Protein chains: 2
Amino acid sequence: MASYKQIAERTGLSFGTISNVLNGKGSVKEENVKKVYEAIEELDYRPNYQAKALASDSAKLLGVIVPSINDVRETEVFSYMEEFARSKGYRIMLSTSHNSAKEEKNQCEIMLSSQVDCLFIMPYSSENKEYFRRLSEQMRDRIIFINRYLEDVDIPFTVVDNDYAAMEMIQYIYKMGHRKVTFLDLKDRGISSVRDRRKGIIRWSAEMNMECEIKEIESTLEDEVMIGYQYAEQAIRNQELPKVILARDDAMAIGVYSACMQYQVSVPETVSIVGFGKYYSDYMTPKKLTTFNRDFKSLLKQATDMFLAITNGETEHIQRKIFIKGYMENGATVQKV
Amino acid sequence: MASYKQIAERTGLSFGTISNVLNGKGSVKEENVKKVYEAIEELDYRPNYQAKALASDSAKLLGVIVPSINDVRETEVFSYMEEFARSKGYRIMLSTSHNSAKEEKNQCEIMLSSQVDCLFIMPYSSENKEYFRRLSEQMRDRIIFINRYLEDVDIPFTVVDNDYAAMEMIQYIYKMGHRKVTFLDLKDRGISSVRDRRKGIIRWSAEMNMECEIKEIESTLEDEVMIGYQYAEQAIRNQELPKVILARDDAMAIGVYSACMQYQVSVPETVSIVGFGKYYSDYMTPKKLTTFNRDFKSLLKQATDMFLAITNGETEHIQRKIFIKGYMENGATVQKV
DNA sequence: TTGTAGGCGTTATCAG
DNA sequence: CTGATAACGCCTACAA
């Protein structure tokens with residue numbers, strides 16, 4: 001691997017000059033600039049980012065940790081982050097916490113040891129609360145929570161405004177003429193986002209004088225589509241399928257929808273289904289899912305904007321807790337009565 | 001940030017000893033080991049991987065470049081690589097070439113400058129053939145092509161055996177009683193994989209005495225689901241929908257299927273659809289797509305195995321060109337006649 | 001078992 | 001405009 005050393009030998013120039021050429025700093029004689037570029041070409045020189053990171057203050061590295069990448073949802077995070085990184089000259093290190101609190105901690109440590117400029121993380125559970133609290137003191141504002149947050153931990157975050165979402169959903173259902181909803185959830189893992197949504201659903205349906213039933217599914221499956229499918233299959237067999245289902249997730253909603261198709265239960269005539277999020281739903285056939293679009297893109301943008309602001313030293317008046325409002329996306333899976 | 005320096009100051013030990021403790025090398029007095037760990041704890045010390053990489057020979061870093069992450073397919077690559085990296089103590093840098101040859105080159109350079117131990121890349125087009133040929137000389141066996149390869153470029157690869165796949169598919173169609181197929185393709189971008197498959201389809205249908213029609217779609221759309229949908233919509237309106245469609249891709253197949261659902265064209269009675277790959281198809285409702293499962297997992301495993309072999313210095317008898325055989329996956333979208 | 005010193009590829013500072 | 005030199009944090013002989 002060629003380095004400044006061989007460039008220096010070849011051109012007779014010093015490290016300082018070479019560095020200036022390569023980084024477009026200071027001013028260098030035209031002739032020497034040329035010499036350096038020639039040497040680079042012939043030596044197949046390539047900068048060493050590790051060394052650069054060590055010598056300067058920033059590694060130009062962003063860390064991203066998500067709970068898993070087994071399904072479609074998280075790709076949006078990468079996709080967005082990747083785009084952002086490219087546009088700002090950062091590189092991306094990626095890992096997942098594999099739905100495990102221990103692994104989450106491991107991966108955080110690895111990211112920090114990698115000297116990331118900022119770590120964007122979708123926390124998995126509240127088990128690492130103490131750990132994150134400690135981190136927040138050590139590296140103030142070098143970590144940003146995405147989509148989920150931990151209560152009493154002073155790490156900036158951007159999350160969906162779940163109370164608002166719940167309100168929108170309930171009001172939508174109400175307007176469609178329904179007076180009872182069933183919220184389909186999984187057993188709680190202590191993370192805020194779904195819990196907040198559920199709270200909101202309960203609160204707002206009370207507010208609107210609607211009956212609200214919570215169904216907590218316990219399942220060993222990972223895939224929420226399958227979980228939804230199995231639940232619905234069971235419910236259809238037992239003839240206890242609710243009239244209006246709000247799934248915690250659009251994956252789960254699609255599972256429910258699939259089962260209905262399979263067993264010839266007509267949607268929305270027999271059962272209305274509302275999802276949350278808009279990932280799988282584009283591929284759902286033949287009907288479009290009625291779902292709440294949480295506007296994830298804008299959530300991500302807020303996160304990177306926050307990072308930018310912090311980088312620019314605007315540490316003072318930075319909004320550290322951001323709640324994103326989304327909007328109902330009209331599909332064809334809710335019946336007007 | 002705490003470093004060896006502060007640990008040394010605190011413990012009165014030297015760099016060498018600290019290094020030995022932290023890396024479990026040499027032998028260090030029990031008492032001093034303890035001292036070091038205490039210091040680490042109190043100083044919130046964390047190793048600096050950049051420095052480590054610089055001082056040692058390996059960065060313990062793997063690079064992954066895929067053409068895009070806008071859809072489901074590529075997540076499998078990450079997911080697998082991530083798992084592999086974790087198990088072997090590597091980190092992962094991820095980026096996409098954004099379906100652009102220029103960007104592909106950029107990202108490669110960035111990866112190499114990041115001192116990745118190995119770069120796994122799904123080449124986008126053949127435009128960078130010259131570039132890769134040059135790279136192959138500079139960094140022999142530090143690059144591995146995944147899923148696609150470039151002819152006349154001496155970079156090891158693992159790809160799907162498309163000729164075999166074509167044979168399997170054609171034979172399947174034949175056994176189902178059909179004597180004519182239509183292969184749905186996009187305008188060629190010069191990359192090997194689909195082209196090989198198409199060649200195979202042509203070759204094997206000739207071999208089996210079947211009629212074979214190639215439909216080359218030209219579209220500005222990115223999303224193959226939509227491309228397939230639009231094609232089928234058009235074909236349905238013009239009443240020229242083929243009897244048996246082999247889509248280049250399962251995304252496209254799903255698009256076609258969606259359109260059929262939308263316009264009440266019965267599958268497989270009116271049209272049989274075969275996909276390639278098995279990504280979206282799990283979420284397809286209500287029918288499962290009949291598709292060729294290319295066994296992508298095993299393809300990825302072969303790639304990482306290759307890397308491992310190279311790392312272990314088994315440079316001699318390494319299989320550098322690997323073709324993976326997949327298998328037909330029975331769904332419900334092909335009619336038996 | 002421990003300490004010393006040179007080196008990895010850069011950047012940055014400060015003379016010249 | 002250019003050169004010398006000290007960092008950056010860690011590893012690795014080699015010497016003690």
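Throughout, protein chains are lettered first and strands after them, A, B, ... in sequence-line order, and every chain is numbered starting at 1. The shown structure was predicted, so the numbers you read here are calculated from the model rather than taken from an experiment.
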Can you give me every donor-acceptor pair (side chain of residues 89-96 of chain A, partner residue at least two apart or in another chain, under 3.5 Å) with its distance?
residue : atom : partner  : partner atom : Å
A:Arg91 : NH1  : B:Ser114 : OG           : 2.8
A:Arg91 : NH2  : A:Ala59  : O            : 2.9
A:Ser95 : OG   : A:Gln107 : OE1          : 3.0
A:Thr96 : OG1  : A:His98  : N            : 3.3
A:Thr96 : OG1  : A:His98  : NE2          : 3.3
A:Thr96 : OG1  : B:Glu82  : OE1          : 3.2
A:Thr96 : OG1  : B:Arg86  : NH2          : 3.4

Sequence neighbours excluded and cut-off under 3.5 Å, please list the side-chain donor-acceptor pairs for residues 23-41 of chain A, or say none.
residue : atom : partner : partner atom : Å
A:Asn23 : ND2  : A:Ser19 : O            : 2.9
A:Asn23 : ND2  : A:Ser19 : OG           : 3.4

| message | Evaluate A:Tyr49 against B:Gln115 for side chain to side chain contact (heavy atoms under 4.5 Å, CB included), listing each step before the verdict. | response | CA-CA 7 Å; A:Tyr49 287 177; B:Gln115 312 296 113; over 6 Å; no

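For the contact set between residues 33-52 of chain B and DNA chain C, defined by any heavy atom under 4.0 Å, there are no members. Within a heavy-atom distance below 4.0 Å of DNA chain C, the residues of residues 15-25 of chain A found are A:Phe15, A:Ser19, A:Asn23, A:Lys25. Interface residues of residues 4-13 of chain A facing DNA chain D, ordered by number: A:Gly12, A:Leu13; criterion, heavy-atom separation under 4.0 Å.
Qualifying side chain to side chain contact (heavy atoms under 4.5 Å, CB included) partners for A:Ser14, counting only residues two or more places apart in sequence or in other chains: A:Thr17. Residues meeting the ring-ring contact (aromatic ring centres under 6.0 Å, His included) test with A:Tyr45, sequence neighbours left out: none. Not a single side-chain hydrogen bond (donor to acceptor under 3.5 Å, both in side chains) links A:Ser100 to another residue, sequence neighbours left out. Checked against side-chain hydrogen bond (donor to acceptor under 3.5 Å, both in side chains), A:Arg46 has the following partners two or more places apart in sequence or in another chain: B:Glu109, B:Gln138. By the side-chain hydrogen bond (donor to acceptor under 3.5 Å, both in side chains) test, A:Arg320 pairs with A:Asp141, A:Asp154, sequence neighbours left out.
Side-chain contact check for B:Ile121 versus B:Phe145: some heavy-atom pair is nearer than 4.5 Å.
Using a distance-only test at 3.5 Å, with no hydrogens or angles considered, no donor-acceptor pair links the side chain of B:Thr158 to the main chain of B:Ile322. Remark: side-chain polar atoms of B:Asn147 are not paired, donor with acceptor, to backbone N or O of B:Val159 under 3.5 angstrom.
Rounded to a whole Å, the CG atom of A:Leu54 is 14 Å from the P atom of C:dC8.
Every pair tested for salt bridge (charged side-chain N to carboxylate O under 4.0 Å, His left out) that includes a residue from residues 51-68 of chain A fails, sequence neighbours excluded, so the list is empty.
Just one residue in the list A:Lys321, A:Arg195, A:Lys129 forms a salt bridge (charged side-chain N to carboxylate O under 4.0 Å, His left out) with A:Glu151, and that residue is A:Arg195.
Comparing B:Gly26 and B:Ser56 by the nucleotide of DNA chain C whose heavy atom lies nearest to each, the residue mapping closer to the 5' end is B:Gly26.
Mapping heavy-atom proximity under 4.0 Å, the span of DNA chain D touched by chain B runs 5' to 3' from D:dG9 to D:dT12.
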